[in-house]
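See below for the structure under consideration.
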Amino acid sequence: MKFRNPPVLLFILSVLSLSIPWTTAGTVSIDRFLQCLTKYPHPAHTIQESIYTPQNSSFQSVLVAHINNRRYSTAATPKPLAIIAAKNESHVQATVLCAKHHGLQIKIRSGGHDFEGLSYTSDVPFVILDMFNINSIDVNVADESAWVHSGATLGEVYYAIAAKTNVYGFPAGICPTVGAGGHFSGGGYGFMMRKYGLSVDNIVDAKLVTANGRILDRKSMGEDLFWAIRGGGGASFGVILSWKLKLVPVPPKVTVFNLTRTIEEGVTDLVYKWQTVAPKLPKEVFLRAQPQVKNIDTKGNKTVGVSFIGHFLGTSDKVVALLNESFPELGLQRKDCYEVSWVESTVFWAESPIGTPIEILLSKPTEPETFYKGKSDYVKEPIPKHVFDSIWKKMIEIEHIFGLEPLWWKNE
Ligand SMILES: Cc1cc2nc3c(=O)[nH]c(=O)nc-3n(C[C@H](O)[C@H](O)[C@H](O)COP(=O)(O)OP(=O)(O)OC[C@H]3O[C@@H](n4cnc5c(N)ncnc54)[C@H](O)[C@@H]3O)c2cc1C
Ligand SMILES: *[C@@H]1O[C@H](CO)[C@@H](O)[C@H](O)[C@H]1NC(C)=O
Ligand SMILES: *[C@@H]1O[C@H](CO)[C@@H](O)[C@H](O)[C@H]1NC(C)=O
Ligand SMILES: *[C@@H]1O[C@H](CO)[C@@H](O)[C@H](O)[C@H]1NC(C)=O
Ligand SMILES: *[C@@H]1O[C@H](CO)[C@@H](O)[C@H](O)[C@H]1NC(C)=O
Ligand SMILES: *[C@@H]1O[C@H](CO)[C@@H](O)[C@H](O)[C@H]1NC(C)=O
């Protein structure tokens, strides 16, 4: 498709001509917006200590604490006029209504793991509605459910479940610092997806603040909106305050392993076969293949190693026998396996060594650690062997661009 020049030019011109009034409007309306916030009734929770403007000394640290990608934490990254770190739903309602009234854009942020920084950047004047203070989790084992506020991280969810029970878990993502707000709005997949589906397949209720400042639950929002917020993308339909999760049963011990094979060890044949084997294994098995450039020797020769990372809702004897039957080339042995509790397996997926205390699930970075570009895709037909050969070659060729950072590329 060809771009037609005139409309594109026209668009750029109109943006340029609008940008000056917008900025002025931004500075004027932020003061009115902040005054507006205090006018709402905030029973027992004054909003003042939830408001950060660039004049507050902790503005910068609050801003970067939930930026996950360094690509969006540079001098050139547009900054919010204010951050409202809501502590109560009344603060969320006031922020929505006042921003609407004063024509300010709101960016809603929970865990700040958006791949493109959409929860904390904008090209028009904006404020961040930050949800990290609204993060309590209420697990009810008898009811096999949990109410989780949007500002909770996945690590906090896993930890809270394990504090009450070792025979229930929840199917969600592998990175413990991802936020419930954005993750569940987008679907949520992880190492139990084969057995239990996406997170949203196991979410049974939610509370949402609408653009009119009303609070709705599943019943009052209706099934269409409830369907849309579970996968339709964060921030499209309102501010999610909390989610009700249906817990899923897990055995008291699960099995995990991580076996790496290199090109020299015939990994191309293994990955090729993995593509047809992994989707047909019993649903209790999840087997991921994760390639990474490795040094072969100290002379600078490189290869690619693919880690076959597995999770089994059962004992190691069983998974060894299963894989020995359907994927003998992998050579999985009992000694490669660790039997751990379900919550310990979430620590394993977060790439902490076996035996790391589960409190690590609660730790949070204070600023972004890496620059990255994230992209996901689905492969519907097996990738031919020669394509893997080219992928390995390319990975080795461009590895120097990333320095010591591994080029990651995951698949399930
Ligand atoms: C290192 C890393 C690992 C990941 N691993 C996985 C994985 O294993 N499985 C998986 O499925 N995904 C994974 N993801 C993707 C992740 O689930 C999404 O990026 C998700 O949107 C992040 O949620 P968040 O709350 O942390 O992000 P945020 O950046 O806070 O928000 C993401 C989007 O949702 C909106 N939003 C946030 N909170 C709310 C709210 N309360 N109400 C309405 N809208 C809201 C934001 O405005 C933004 O548009 C990973 C991402 C990263 C960076
Ligand atoms: C930020 O500064 C204002 C003005 O001094 C103050 O009212 C507010 O409580 C401060 N915010 C926080 C989070 O401390
Ligand atoms: C907000 O405040 C009300 C009134 O004090 C309280 O009932 C409610 O639980 C609070 N919500 C949150 C998320 O803390
Ligand atoms: C390693 O590098 C050296 C010198 O660059 C080369 O001669 C040798 O063949 C390489 N070895 C392998 C296993 O690629
Ligand atoms: C794997 O299967 C082979 C042949 O089916 C059998 O001889 C061997 O004992 C099995 N090994 C394990 C660890 O189950
Ligand atoms: C698996 O092993 C690879 C290679 O050593 C390592 O980079 C990765 O972090 C490991 N992953 C897990 C989940 O243990």
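First listed ligand is number 1; within each ligand, the first listed atom is number 1.
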Could you walk me through whether Ser345 and His311 satisfy the side-chain hydrogen bond (donor to acceptor under 3.5 Å, both in side chains) test, starting with their C-alpha distance in whole Å, then the side-chain angles of each, then the deciding distance to 0.1 Å, before giving a yes or no?
CA-CA 8 Å; Ser345 79; His311 191 277; 2.9 Å; yes
Please step through salt bridge (charged side-chain N to carboxylate O under 4.0 Å, His left out) for the pair Glu339 and Lys253, ending with a clear verdict.
CA-CA 6 Å; Glu339 288 184 351; Lys253 289 285 173 194; over 6 Å; no
Show the numbers, then the answer: is there a side chain to side chain contact (heavy atoms under 4.5 Å, CB included) between Trp274 and Leu330?
CA-CA 9 Å; Trp274 162 81; Leu330 184 62; over 6 Å; no
Please evaluate residues Arg218 and Glu223 with respect to the criterion salt bridge (charged side-chain N to carboxylate O under 4.0 Å, His left out), reporting the C-alpha separation (whole Å), side-chain torsions for both, the decisive distance (0.1 Å), and the verdict.
CA-CA 7 Å; Arg218 178 176 186 168; Glu223 288 303 303; 2.8 Å; yes
Full working for ring-ring contact (aromatic ring centres under 6.0 Å, His included) between Tyr158 and Trp342
CA-CA 9 Å; Tyr158 300 154; Trp342 177 82; 5.3 Å; yes
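Side-chain contact check for Leu63 versus Pro80: some heavy-atom pair is nearer than 4.5 Å. Side-chain contact check for Gln290 versus Ile309: some heavy-atom pair is nearer than 4.5 Å. Using a 4.5 Å cut-off on side-chain heavy atoms (C-beta onward), Phe191 and Ile174 make contact. Considering only heavy atoms from C-beta on, Lys318 comes within 4.5 Å of Phe312 through its side chain.
Proximity to Asn88 (heavy-atom distance under 4.0 Å) selects the following atoms of ligand 3: 1 (C), 2 (O), 3 (C), 8 (C), 10 (C), 11 (N), 12 (C), 14 (O). For ligand 1, the atoms closer than 4.0 angstrom to any heavy atom of Arg109 are 30 (O). Listed by number with element, the atoms of ligand 1 under 4.0 Å from a non-hydrogen atom of Gly111 are 24 (P), 25 (O), 26 (O), 30 (O). Near Ser150, meaning under 4.0 Å from any of its heavy atoms, are these atoms of ligand 1: 41 (N). Residue-ligand proximity, Gly188 to ligand 1, at heavy-atom distances under 4.0 Å covers atoms 11 (O). Those atoms of ligand 1 that come under 4.0 Å of a heavy atom in Ile174, given as number and element, are 7 (C), 8 (O). Residue contact check: Val239 has heavy atoms under 4.0 Å from atoms 42 (N) of ligand 1. Interface atoms of ligand 1 facing Asn68, defined by a heavy-atom separation under 4.0 Å, are 53 (C). Shown in contact with Ile309 at under 4.0 Å from a heavy atom are these atoms of ligand 6, numbered in order with element: 11 (N), 13 (C). Near Gly173, meaning under 4.0 Å from one of its heavy atoms, ligand 1 places the atoms 7 (C), 8 (O), 9 (N).
Using a non-hydrogen distance threshold of 4.0 Å, Gly238 registers as a contact of ligand 1.
In terms of protein heavy-atom proximity, atom 11 (N) of ligand 6 is nearest to Asn258 ND2, 2.9 Å. Nearest non-hydrogen protein atom to atom 12 (C) of ligand 3 is Glu89 OE1, 3.3 Å. Counting protein heavy atoms only, atom 5 (O) of ligand 6 is closest to Thr260 OG1, 4.2 Å. Here the protein heavy atom with the shortest distance to atom 7 (O) of ligand 6 is Gln292 OE1, 3.3 Å. Summary of contacts: the protein heavy atom closest to atom 3 (C) of ligand 6 is Ser307 OG, 3.3 Å. Remark: minimum distance from atom 4 (C) of ligand 3 to any protein heavy atom is reached at Pro43 O, 4.2 Å. Ranking protein heavy atoms by distance to atom 13 (C) of ligand 6, first place goes to Phe348 O, 3.3 Å.
Distance check on atom 9 (O) of ligand 3: every protein heavy atom falls at or beyond the 4.0 Å cut-off.
Of the candidates Trp349, Tyr120, Phe115, it is Phe115 that places a heavy atom closest to atom 51 (C) of ligand 1. Comparing heavy-atom distances from atom 28 (P) of ligand 1 across Gly186, Gly112, Gly182 singles out Gly112 as nearest. Here atom 36 (N) of ligand 1 lies nearest to Ile108 when heavy atoms of Thr177, Leu154, Ile108 are compared. The closest non-hydrogen atom to atom 14 (N) of ligand 1, taken over Ile240, Thr370, Val178, comes from Val178.
Not a single donor-acceptor pair under 3.5 Å links the side chain of Asp143 to the backbone N or O of Ser145. When atom types are taken as modelled, the side chain of Thr46 and the backbone of His42 share no donor-acceptor pair closer than 3.5 angstrom. Under the 3.5 Å distance criterion, the side-chain polar atoms of Asn202 are left unmatched by any main-chain donor or acceptor of Gly197. Counting only distance, with no hydrogens or angles, the side chain of Thr38 and the backbone of Gln35 share a donor-acceptor pair below 3.5 Å.
When only interatomic distances are considered, the shortest N/O to N/O separation between Cys175 and ligand 1 does not fall below 3.5 Å. Considering backbone and side-chain atoms alike, Ser110 places an N or O below 3.5 Å from some N or O of ligand 1. Not a single N or O atom of Leu118, backbone or side chain, sits closer than 3.5 Å to an N or O atom of ligand 1. Ligand 6 has an N or O atom lying under 3.5 Å from an N or O atom of Glu351, backbone or side chain. At least one N or O atom of His183, backbone or side chain, sits closer than 3.5 Å to an N or O atom of ligand 1.
Residues Leu313 and Tyr196 share a closest heavy-atom pair of CD1-CE1, 4.4 Å. Taking all atoms of both residues into account, the shortest heavy-atom contact from Ala86 to Val92 is CB-CG2, 3.8 Å.
Residue-level proximity to ligand 1 for Tyr372 is carried by the side chain, the only part with a heavy atom below 4.0 angstrom.
Neither side chain, Ser58 nor Ser61, offers a donor N or O lying under 3.5 Å from an acceptor on the other.
The ring pair (Phe, Tyr, Trp, His ring centres under 6.0 Å) pairs that include a residue from residues 130-156 are His66-Phe132, where partners are two or more places apart or lie in different chains.
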